[in-house]
Amino acid sequence: MMTEEAKRAQREYMKQYRKRNREKVNELNRKWRQENPDKVREYNQRYWERKAKQMANE
């Protein structure tokens, strides 16, 4: 388990990495989504089910 400080450092590093490599990251993401439409659909379904539960609890 990582300490909170290590998690913060990792988040900052990844933020900078994504900023420096925006086109590469976006291209890989588009390619993965195109090759895995079933996983994308499943993820979206789980996301909206979770959102519906959150809204019902508020």
Task: Path from Y47 to V40 over hydrophobic side-chain contacts below 4.5 Å - done: no
To the closest 0.5 Å, what do you measure between [atom1] ([X]) and [atom2] ([Y])?
X: L28; Y: E23; atom1: CG; atom2: CD; value: 11.5 Å
X: E49; Y: N44; atom1: CD; atom2: CG; value: 11.5 Å
X: Q10; Y: T3; atom1: CD; atom2: OG1; value: 10.5 Å
X: Q54; Y: W48; atom1: CD; atom2: CH2; value: 10.5 Å

- [ ] Please step through salt bridge (charged side-chain N to carboxylate O under 4.0 Å, His left out) for the pair E42 and R46, ending with a clear verdict.
- [x] CA-CA 6 Å; E42 180 183 332; R46 282 196 319 258; 2.9 Å; yes
TODO: May I have the step-by-step check of salt bridge (charged side-chain N to carboxylate O under 4.0 Å, His left out) for E4 and R11, ending in yes or no?
DONE: CA-CA 10 Å; E4 193 58 39; R11 280 192 301 266; 3.6 Å; yes
TODO: Quick one: closest heavy-atom pair of M2 and K7, and the distance?
DONE: O-CE, 3.6 Å
Task: Under 3.5 Å: donor-acceptor pair, side chain of N29, backbone of V25 - done: no
TODO: Under the salt bridge (charged side-chain N to carboxylate O under 4.0 Å, His left out) rule, what do R8 and E5 come out as? Steps first, then yes or no, please.
DONE: CA-CA 5 Å; R8 222 179 350 261; E5 184 180 344; 5.7 Å; no
- [ ] Inspect the contact between K24 and E27 and indicate whether a charged nitrogen and a carboxylate oxygen are less than 4.0 angstrom apart.
- [x] no
- [ ] State, yes or no, whether a side-chain contact exists between E12 and Y17 at a heavy-atom distance under 4.5 Å.
- [x] no
